[in-house]
Amino acid sequence: MNVAVIIAGGSGYRMGQDIPKQFINVYDKPILLYTLQGFQKHPQIDAIEVVCIDGWHDIVWAYAKQFNITKLKWIVSGGSTGQESIRNGIYNLEDKCVEDDTIIIHDGIRPLVDETVLSDVIVKCQQYGNAVTSLPYNEQIFVVDNDISTVKYIPRETLRRVSTPQAYKFGKLAWAYHEAFEKKIGIYGSSYTNTMMVELGERLYFAAGSDKNIKLTTKDDLEMFKAYLKSDKDNWLK
């Protein structure tokens, strides 16, 4: 079984809106629904779980009914951090998934997940045990040594920028979240599942990525999202 865990627990203050950014309407549809439709349409996704900010569960169920998101099976309350939200989602699956099931974690505010990217993440996870969406880094990276200058750079050929979707076998994922929260490893600040796994000593494997897979954090991101939708109306504005 391939289960998508969609993280929609954030409040989104940087967007400057009165409602969480995943529920902002774009062309008469909330951002989260674009994300859910991408997973609903993918033939390899068997079930969807949404980790959602409290007070919005019933709204998500209503949207799922309105937009025919039949694969949505569970809605779980988010935590006070991103890692707590993912943990809540994983713990909820402990009596629903088996060790070899593939769990695909994805940010609810990344609404343009490409079908080929999602397929590659699933294939790579089945092959290696995990897979993280990645792209080459095209800018030069320098290391700051005194706030205003540098004498060291990192060759960009050695770098990858990673995001979601990322996939893990359920048995390893459940073990990792119990281990991390018990030992306080990889759960603070900007930590995510991928960085936590590395801190726990796991090797990660890269899967395909897409420049369209933007995370909607600011108003500028929202305008870029609208531009992508307009440029590909047949696929997204349905």
Side-chain angles (χ1 to χ4, degrees), residues 4-7 10 12 14-15 21 35 38 42 81-83 85-87 102-169 172-173 175-177 179-180 183-225 227-228 231-232:
V5 177
I6 309 300
I7 308 303
R14 280 179 286 180
M15 196 71 79
K21 56 192 170 186
T35 307
H42 197 284
T81 67
Q83 281 289 65
S85 291
I86 300 170
R87 175 202 64 187
T102 298
I103 309 301
I104 303 98
I105 298 170
H106 189 66
D107 298 319
I109 52 171
R110 290 185 186 273
L112 294 176
V113 60
D114 188 273
E115 181 177 342
T116 59
V117 169
L118 187 48
S119 294
D120 196 55
V121 166
I122 293 170
V123 167
K124 292 284 175 32
C125 181
Q126 291 171 348
Q127 185 176 0
Y128 298 111
N130 68 62
V132 293
T133 299
S134 69
L135 285 168
Y137 209 95
N138 297 322
E139 307 290 344
Q140 300 289 1
I141 302 294
F142 282 80
V143 178
V144 175
D145 59 11
N146 64 1
D147 290 337
I148 62 169
S149 67
T150 184
V151 294
K152 183 180 179 182
Y153 71 94
I154 302 173
R156 62 188 182 187
E157 296 81 7
T158 67
L159 299 173
R160 291 290 184 276
R161 49 193 176 104
V162 304
S163 61
T164 65
Q166 45 191 256
Y168 306 87
K169 290 298 183 181
K172 178 68 74 171
L173 194 58
W175 164 83
Y177 271 97
E179 186 82 356
K183 296 184 177 179
K184 312 297 183 189
I185 297 172
I187 60 174
Y188 298 110
S190 61
S191 295
Y192 206 85
T193 310
N194 49 357
T195 55
M196 179 191 77
M197 284 291 193
V198 169
E199 289 196 47
L200 289 172
E202 298 297 313
R203 177 178 289 274
L204 298 183
Y205 294 86
F206 296 127
S210 168
D211 283 317
K212 288 185 179 180
N213 186 26
I214 54 175
K215 187 176 183 179
L216 305 188
T217 303
T218 67
K219 290 181 179 179
D220 287 344
D221 298 329
L222 196 58
E223 293 307 311
M224 190 181 302
F225 174 50
Y228 275 130
S231 70
D232 197 6

Asks: According to salt bridge (charged side-chain N to carboxylate O under 4.0 Å, His left out), who are the partners of D211, at least two apart in sequence or on a separate chain?
Replies: R161
Asks: Do S149 and N146 have a side chain donor and acceptor closer than 3.5 Å?
Replies: yes
Asks: Tell me, please, which residues at least two apart from T193 pass side-chain hydrogen bond (donor to acceptor under 3.5 Å, both in side chains).
Replies: Y177
Asks: Would you list the pairs meeting ring-ring contact (aromatic ring centres under 6.0 Å, His included) in which at least one residue belongs to residues 107-133, sequence neighbours left out?
Replies: Y128-Y205
Asks: Using a 4.5 Å cut-off on heavy atoms from C-beta on, say whether the side chain of K21 contacts that of L216.
Replies: no
Asks: Could you tell me if the side chain of V113 sits less than 4.5 Å from the side chain of H106, heavy atoms only?
Replies: yes
Asks: Would you say S119 and H42 are linked by a side-chain donor-acceptor pair, where the criterion is simply a distance under 3.5 Å?
Replies: yes
Asks: Between D145 and V151, which heavy-atom pair has the shortest distance, and what is it?
Replies: OD2-CG2, 3.8 Å
Asks: Which residues satisfy the side chain to side chain contact (heavy atoms under 4.5 Å, CB included) test with T116, sequence neighbours excluded?
Replies: D114
Asks: Got a sec, which residues hit ring-ring contact (aromatic ring centres under 6.0 Å, His included) with F225, two or more places apart in sequence or on another chain?
Replies: Y34
Asks: How many angstroms lie between atom CZ of R156 and atom CD of E139, to the nearest 0.5 angstrom?
Replies: 8.0 Å
Asks: For E223, check salt bridge (charged side-chain N to carboxylate O under 4.0 Å, His left out) against everything at least two apart and list the hits.
Replies: K226
Asks: Kindly list each side-chain donor-acceptor pair under 3.5 angstrom involving residues 185-192, sequence neighbours excluded, with atom names and distances?
Replies:
residue, atom, partner, partner atom, Å
S191, OG, Y188, O, 2.7
Y192, OH, D107, OD1, 2.7

Asks: With sequence neighbours left out, what residues match F206 under ring-ring contact (aromatic ring centres under 6.0 Å, His included)?
Replies: none
Asks: Check I104 against A167 and note the closest heavy-atom contact, atom names and distance.
Replies: CG1-CB, 4.0 Å
Asks: What residues form a ring-ring contact (aromatic ring centres under 6.0 Å, His included) with Y137, not counting sequence neighbours?
Replies: none
Asks: According to the salt bridge (Lys or Arg N to Asp or Glu O under 4.0 Å) rule, which pairs have a member within residues 118-134, sequence neighbours left out?
Replies: D120-K124
Asks: Please, which pairs that meet salt bridge (Lys or Arg N to Asp or Glu O under 4.0 Å) have at least one residue in residues 194-206, sequence neighbours excluded?
Replies: K172-E202
Asks: Using the salt bridge (charged side-chain N to carboxylate O under 4.0 Å, His left out) criterion, which residues pair with K183? Sequence neighbours excluded.
Replies: E179
Asks: Please determine, by modelled atom types, if K169 and T102 share a side-chain donor-acceptor pair under 3.5 angstrom.
Replies: yes
Asks: Is there side-chain contact between L200 and M196, with at least one heavy-atom pair below 4.5 Å?
Replies: yes
Asks: Quick one: are L173 and I105 in side-chain contact, heavy atoms under 4.5 Å?
Replies: yes
Asks: S85 side chain to T81 main-chain N or O, any donor-acceptor pair under 3.5 Å?
Replies: yes
Asks: Check V117 against A208 and note the closest heavy-atom contact, atom names and distance.
Replies: CG1-O, 3.4 Å
